[in-house]
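A quick write-up on the structure given underneath.
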Amino acid sequence: MKDFKKATIYQIYPKSFYDSNDDGFGDLQGVIAKLDYLQQLGIDYIWLTPFYVSPQKDNGYDVADYKMIDPIFGTMADFEILCKEAENREIGIMLDMVLNHTSTKHEWFQKALDGEKKYQDYYLFKRGKNDSAPTNWLSKFGGPAWQNVDHLDMYYLHLFDQTQADLNWRNEEVRENLYDIVDYWMKKGVMGFRFDVINLISKPLMLEDDQEGDGKKFYTDGPDVHSYIKELNEKTFGKNKDIITVGEMSSTTVDNCIRYSNPSENELTMVFNFHHLKVDYAEGEKWSAVDFDFINLKKIFNHWQTEMIKGGGWNALFWCNHDQPRIVSRFGNDTKYRLQSAKMLATTLHMMRGTPYVYQGEEIGMTNPCFQSIDDYRDVESINYYRILEREGMSKQDIIKILSKKSRDNSRTPMHWNHSKSGGFTKATPWIPLSANFDTINVAQSLNDDDSIFHHYRRLILLRKQYDVVALGDFTLIDEEHPQVFAYKRCYQNQQLVVVNHFYEGIVQFELPKLDTILTSSILTSNYPDSADYSDLITLRPYESIIYLISS
Ligand code: TEU
C-alpha cells in the first residue's frame with residue numbers, strides 16, 4: 001500500500017495529453033503510451049479528469065453516462081489495459097467523480113423532462129415565484145443558476161452550465177445510485193477518487209434569495225454535507241483502505257476542511273482549497289488583470305499549513321489544474337526567468353506539508369498560450385464571460401487581455417511532447433490550438449537536459465520519499481512580511497528544512513534563523529548551481545530557491 005503522505009499525484013486532462021489515433025483529441029491509449037514517461041518522473045498516482053459519455057459542453061464534467069467511456073477517449077478495454085499497465089509501474093489510477101450534477105442529456109434528466117415525477121425529484125426542480133426564478137442565485141459560469149422548463153412550468157437548479165443540472169442529494173435513491181457508480185469503478189481496480197465540487201452537494205431545504213451575494217453562502221459546505229460524505233465513505237471507498245480520495249472544495253473554510261480530511265471523521269483523505277489562487281482577483285473578481293498579492297499568498301499558505309496540522313487535516317498541494325492558468329505565467333516569469341521561476345514555484349509548493357499534485361505540462365514549465373482571438377477559446381466559462389463583459393461595455397482588447405491571464409483554456413492546450421508539428425500531440429488538427437512555444441518547451445528537450453524543470457520536479461518528488469521531514473514535519477513561516485521572499489521551516493524529530501524562495505527579479509538580502517553551532521547544514525537542492533551555504537544573511541538572485549537540510 002502506498003503512503004499518501006509521501007506520494008505525488010499527476011493530473012491528466014486526457015483530451016489534451018496525447019492523441020494515439022490522430023483524430024485531434026487525446027485519448028486513453030495516449031495515456032498508456034506515456035506511462036513510462038510518468039514513471040520516470042516518479043509519480044505515484046494519475047488523476048484522470050472525466051472521460052465518461054458526455055456532450056462535452058464542459059469537457060466531460062457534464063456526464064451523460066457514468067459507466068461508459070466516451071468514444072472520443074476509447075473503450076472500456078482501453079481503460080482496463082490502462083489500469084493494468086499503470087499497476088505494473090506501481091502507479092494507481094484515480095478517477096474524477098462528478099456527483100454534484102449530471103448532464104441534461106443523462107437519462108435521469110431526460111425522464112424528468114418527459115414528466116416522470118420520480119426523476120424530477122432526482123434534481124432540484126422548483127416553481128418560480130412571481131414570474132421569476134425561485135431564487136436570485138447565480139451560476140458560476142455566468143447568468144442565473146435556474147433554467148426555466150416551459151412545458152413543466154418549473155425551473156431546475158444548475159450551479160454550473162445550463163446543461164449541468166444539480167442533483168438532489170436529499171433523495172436517498174439518488175445517493176444510492178451515485179454510490180453504485182463509485183462501486184462500479186472500484187471493482188475495475190481504481191486506486192483513488194477525486195470528487196468534483198463535493199462541498200456543494202448539500203442544498204438547504206428552504207431556498208431563499210441571497211441579499212448580498214450569488215447564493216453560495218447557502219450551499220457551500222451545506223447543512224448535510226458532512227453526513228453525506230460520511231455515508232459515501234461508508235458505502236463505497238471506505239470498504240477498501242488502500243483507496244485514497246480528494247475532495248474539491250469550492251470557497252470552503254479550514255474548519256470544514258479539517259472535518260473533511262481528519263481520518264477520525266471517516267470522510268476523505270485530503271482536500272483541495274482555492275484560497276491561495278484568488279490572490280490575483282480584484283476584490284474577489286476573477287475576471288480582472290491585477291498583479292498577485294504576494295504577502296497575502298504567504299499568509300494564506302501559512303494559515304492552511306498551520307491550521308490543518310493543528311486540526312489533523314491533510315492538504316492537497318497544487319498550483320495548477322485544468323481550471324487554472326499556468327503557474328509560471330501567473331506567479332513566476334514566463335520569459336527571461338522561466339527556468340528559474342518554474343523551479344522556484346515547484347520547490348515552494350513541494351516542500352510544504354500535504355500531497356502535491358502536478359498538472360500535465362507543469363513539469364516542463366508550460367506557459368499560458370496568450371491567445372489573441374476569442375475563436376481560439378473552447379471553454380464554456382470563458383466564452384460566457386466574453387459575452388458578459390462585452391455586454392457590460394468592456395473593449396474586445398481588454399477582454400482578450402483578461403482571458404489570456406485567467407481563462408481555464410490557458411492550461412488546456414495540448415501537451416508539448418517534441419518540437420514537431422503540433423508538438424507531437426497529434427497528426428490531425430488539435431481540438432484547441434497549441435501554445436506557439438512548443439518548439440522550445442517540450443518533453444523531448446526536458447528529458448535531454450539535466451538542468452531542466454522536469455528533472456527538478458523529479459528530484460522534489462524523490463525528496464518527499466527520502467526525507468520524513470518533507471512529509472511529516474511541522475511548518476513555520478519565516479518573516480511573514482518580507483516583500484519578496486517566501487521562506488519557511490519544517491521540523492521533524494532531529495531533521496529540519498529551511499526552504500527559501502525568492503519570488504521576484506533583482507537581488508535581495510534575506511536573514512535566515514540563527515543556527516545552533518552543533519547543527520550542520522547542507523543544500524538539498526537549488527535552482528542555481530552555486531547557491532550560498534547557510535548563513536545568517538544570504539543574498540538571493542532572481543527567483544533563487546534553496547532547500548537547506550539542517551541536522552545534528
Ligand atoms: O470546478 C469547480 C469550480 O468551481 C472551479 O474550479 C471553476 O472552474 C472556477 O471557479 C471557475 O472560475 C470543477 C471542475 O474542476 C471544473 O472543470 C468543472 O467545470 C466544474 O467543477 C463543474 O463540474
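Predicted model, so just to flag it, every value in this text is computed and none were measured. Remember, it's 1-based here, ligands and their atoms both numbered in the order they're listed.
Taking a 6.0 Å sphere around NZ of Lys396, one finds it holds 12 or fewer heavy atoms contributed by other residues, nucleotides or ligands. Heavy-atom contacts from other residues, nucleotides or ligands closer than 6.0 Å to CD of Gln397 number 12 or fewer.
Side-chain atoms of Lys203 and Asn100 include a donor-acceptor pair closer than 3.5 Å. For the residue pair Tyr179/Glu231, the side-chain donor-acceptor check at 3.5 Å is satisfied.
Near ligand 1, residues Asp58, Tyr61, His101, Lys140, Phe141, Phe160, Gln164, Arg194, Asp196, Val197, Glu248, Lys286, His322, Asp323, Glu381, Arg408, Arg412 come within 4.0 angstrom through at least one heavy atom.
How far OG of Ser250 is from CZ of Phe274: 7.0 Å, rounded to the nearest 0.5 Å.
Note: Tyr359 and Trp319 fail the aromatic proximity criterion, with ring centroids not under 6.0 Å apart.
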